[in-house]
Amino acid sequence: MDPRMCRKISSSESLPDVDNEEFEVSNIIAPQESEDNFLLEGSPEPQTVTWLDDDQIDDLNLDQTNLFFHRVDSADIIYRSKKKKCKLVGKYVMGDILGEGSYGKVKEMLDSETLCRRAVKILKKRKLRRIPNGEQNVQREIQLLRILRHKNVIELVDVMYNDEKQKMYLVMEFCVGVLQDMLESSPGKKFPQHQAHEYFTQLLDGLEYLHGQGVVHKDIKPGNLLLTLDQTLKITDFGVAEALDMFSPQDTCYTGQGSPAFQPPEIANGAETFSGTKVDIWSSGVTLYNMTTGRYPYEGDNVYRLLEAIGRAEPLPPPTCVGSSLSALLGHMLKRDPDLRPSVQQIRRHDWVRSIPPLVPGERIVQPRSRRSDESHSSTVIPYLVERHYVSAQEYFTERDLRHELGGGGSGSLSTAELSEGESAQGKRRWHSSCGRLPSCRLT
């Protein structure tokens with residue numbers, strides 16, 4: 001029992017017989033002066049309590065209403081709009097987050113001089129040190145992107161360092177979609193062959209350029225293929241890429257750090273050396289397989305079983321619906337023996353690559369999927385500029401306002417997604433109302 005609930009007993013008193021006595025412990029209301037004092041453990045001064053029975057508690061006339069919650073209509077709950085604080089890094093105005101990976105966040109930026117939309121990869125050195133070969137991979141990526149210039153390879157625009165915050169900013173071309181996100185949101189998690197053909201031929205253009213420059217990517221997959229506003233494919237993420245010796249006739253590589261599902265059998269079996277270009281051919285074949293079937297040629301419950309299947313088993317045959325021409329191409333690119341895999345030039349001469357597959361009736365082109373659920377891909381920097389230069393007229397709003405904004409009249413409370421959507425709609429309305437005050441928005 002808590003010592004504060006016991007009265008001090010003198011040595012002359014005897015304890016009552018617990019078998020014959022009943023005890024009732026009263027509530028402690030407030031300490032006050034009393035002869036029955038006791039010491040709390042660790043307390044330098046004696047503490048006092050007063051014991052009250054039920055009648056004495058009733059005489060206090062306590063406000064019983066404080067023990068209950070008052071009912072509040074959800075429409076009367078007031079929310080406050082999240083202010084968008086305008087932030088500049090060098091000459092760039094920061095926008096919203098576009099994505100987040102193991103190395104850091106990716107945000108949208110606006111070049112204040114050229115007014116070009118950019119994407120910036122924000123890397124923290126403290127986080128890179130916790131990733132195996134993290135700092136080395138980033139430095140390798142920077143060195144490679146500085147010398148690569150091709151329409152199907154992501155362009156590195158600028159590199160900035162903040163020594164005080166231990167941050168690194170890699171400013172790159174702005175892209176609106178990732179092939180992996182598009183696949184996940186498409187029916188059957190695959191593309192129509194007409195659309196997959198367009199992306200695959202652009203991938204071949206980028207690979208042919210990279211291999212001509214003596215660079216092997218070693219991590220080709222839909223998650224590393226981006227799309228611009230004009231549907232141009234961009235190969236990105238050169239963290240595990242490798243520049244070959246320009247004076248060596250071989251394309252020998254010694255390390256493979258790519259994604260397990262896209263690794264060839266030679267790496268899965270632990271080969272110490274392997275052909276770098278044939279690794280890119282294999283991973284490109286797995287990418288094409290995934291884009292056209294929604295599946296992978298090898299599957300496993302975990303990484304170890306997956307690598308075991310890649311190293312020992314034959315790939316799953318593609319469904320018959322893909323057609324004999326594409327099945328033949330996939331089988332050729334996914335040969336277990338690297339020497340039997342075709343080169344980029346040989347793939348270009350394949351019948352499926354040379355002829356564009358027609359769009360089958362009922363199929364629909366999958367559009368780039370923005371993680372911000374914005375179909376028009378509008379710039380996320382504009383609200384920050386509006387908040388910076390024009391004071392928001394409506395900072396507080398209720399659920400009733402949001403329902404009116406969303407066009408609904410239900411009485412139920414809104415979900416988190418609906419609240420976010422309503423707040424975004426209010427922000428767009430404030431932007432359009434203030435846009436007329438910008439000189440560039442006025443009609444002439």
Side-chain angles (χ1 to χ4, degrees), residues 82-112 114-124 127-128 131 134 137-138 141-142 145 151-160 162 165 167-186 199 202 206 219 221-239 259 366-388 416-417 420-421 423-425 427-428 431:
K82 183 180 178 181
K83 288 195 173 182
K84 295 182 176 295
K85 185 178 180 181
C86 190
K87 180 182 178 182
L88 274 79
V89 177
K91 64 176 182 176
Y92 302 96
V93 184
M94 300 293 291
D96 287 346
I97 295 177
L98 301 176
E100 190 169 358
S102 58
Y103 279 66
K105 299 178 181 179
V106 178
K107 289 188 174 183
E108 183 182 352
M109 286 180 122
L110 180 68
D111 191 326
S112 62
T114 63
L115 299 183
C116 290
R117 298 174 71 178
R118 302 297 186 193
V120 57
K121 185 186 294 187
I122 306 174
L123 309 174
K124 294 183 179 180
K127 190 173 183 179
L128 290 178
I131 302 176
N137 290 344
V138 171
E141 181 176 12
I142 293 175
L145 290 179
K151 66 175 183 178
N152 296 120
V153 177
I154 196 73
E155 179 183 355
L156 179 65
V157 178
D158 198 359
V159 179
M160 297 178 291
N162 189 325
K165 295 184 178 181
K167 287 184 178 181
M168 185 184 307
Y169 302 88
L170 305 185
V171 183
M172 302 181 180
E173 285 182 282
F174 177 78
C175 296
V176 297
V178 186
L179 257 60
Q180 182 65 46
D181 294 341
M182 296 170 60
L183 286 170
E184 292 176 356
S185 63
S186 61
Y199 297 153
Q202 293 188 65
D219 197 19
K221 60 181 182 180
N224 288 336
L225 302 177
L226 310 181
L227 287 179
T228 62
L229 281 168
D230 61 354
Q231 294 288 299
T232 300
L233 183 137
K234 300 284 184 178
I235 303 175
T236 186
D237 198 349
F238 286 76
S259 302
V366 180
Q367 298 299 326
R369 175 177 174 268
S370 173
R371 297 185 180 182
R372 296 177 286 106
S373 301
D374 184 5
E375 295 181 358
S376 60
H377 306 292
S378 58
S379 175
T380 63
V381 180
I382 294 179
Y384 291 90
L385 296 175
V386 171
E387 196 70 33
R388 171 68 175 83
T416 304
S420 177
E421 182 181 353
E423 184 176 347
S424 176
K428 291 180 181 178
W431 166 42

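In what follows, residues are counted from 1 in the order of the sequence shown. In this text, all values refer to a predicted model and were calculated from it rather than measured experimentally.
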Undergrad: Calculate, to the nearest 0.5 Å, the distance between atoms CE and CZ belonging to Met109 and Phe174 respectively.
TA: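 That separation rounds to 13.0 Å.
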Undergrad: Where is the tightest heavy-atom contact between Lys234 and Cys175, given as atom of each residue plus distance?
TA: CG-SG, 4.1 Å
Undergrad: Considering non-hydrogen atoms only, spot the tightest contact between Lys221 and Ser259 and give its length.
TA: NZ-OG, 2.6 Å
Undergrad: Taking all heavy atoms of Ser186 and all of Val366, pick out the closest pair and write down the distance.
TA: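 What the structure gives for the nearest pair is CB-CG2, 3.6 Å.
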Undergrad: Which pair of non-hydrogen atoms, one from Ser379 and one from Glu108, has the smallest distance, and what is that distance?
TA: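 Answer, listing the atom of Ser379 first, then Glu108: OG-OE2, 3.1 Å.
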Undergrad: Give the C-alpha distance, both sets of side-chain angles, the deciding distance and a yes or no for side chain to side chain contact (heavy atoms under 4.5 Å, CB included) between Leu110 and Leu385.
TA: CA-CA 10 Å; Leu110 180 68; Leu385 296 175; 4.1 Å; yes
Undergrad: Let me confirm one number: the CZ-CD1 distance from Phe238 to Ile142, rounded to the nearest 0.5 Å.
TA: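 Separation between the atoms: 13.5 Å.
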Undergrad: Can you give me every donor-acceptor pair (side chain of residues 152-159, partner residue at least two apart or in another chain, under 3.5 Å) with its distance?
TA:
| from | atom 1 | to | atom 2 | distance (Å) |
| --- | --- | --- | --- | --- |
| Asn152 | ND2 | Gln202 | OE1 | 3.3 |
| Asn152 | ND2 | Leu233 | O | 2.9 |
| Asp158 | OD2 | Tyr92 | OH | 3.4 |

Undergrad: Would you say that Lys121 contacts Glu141 through its side chain, given a criterion of any heavy-atom pair below 4.5 Å between the two side chains?
TA: yes
Undergrad: So, taking the atom named OG1 in Thr236 and the one named CG in Leu145, what distance separates them when rounded to the nearest 0.5 Å?
TA: 7.0 Å
Undergrad: Determine whether Val120 and Met160 make a side-chain contact, defined as any pair of heavy atoms from C-beta on separated by less than 4.5 Å.
TA: no
Undergrad: Looking only at heavy atoms, which two atoms of Val381 and Gly95 are closest? And how far apart?
TA: CG2-CA, 3.9 Å
Undergrad: Applying the side-chain contact (heavy atoms from CB on, under 4.5 Å) test to Val178, which of Leu225, Leu226, Asn224, Leu98 qualifies?
TA: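 That would be Leu226.
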Undergrad: How close do Tyr199 and Met182 get, heavy atom to heavy atom, and via which atoms?
TA: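 That would be OH-CE, 3.6 Å.
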Undergrad: Any side-chain heavy-atom pair from Ile122 and Met94 closer than 4.5 angstrom?
TA: yes
Undergrad: Given Arg388 and Val93, is the side chain to side chain contact (heavy atoms under 4.5 Å, CB included) satisfied, shown in steps?
TA: CA-CA 11 Å; Arg388 171 68 175 83; Val93 184; over 6 Å; no
Undergrad: Quick one: salt bridge (Lys or Arg N to Asp or Glu O under 4.0 Å) partners of Lys91, sequence neighbours excluded?
TA: Asp111, Glu113
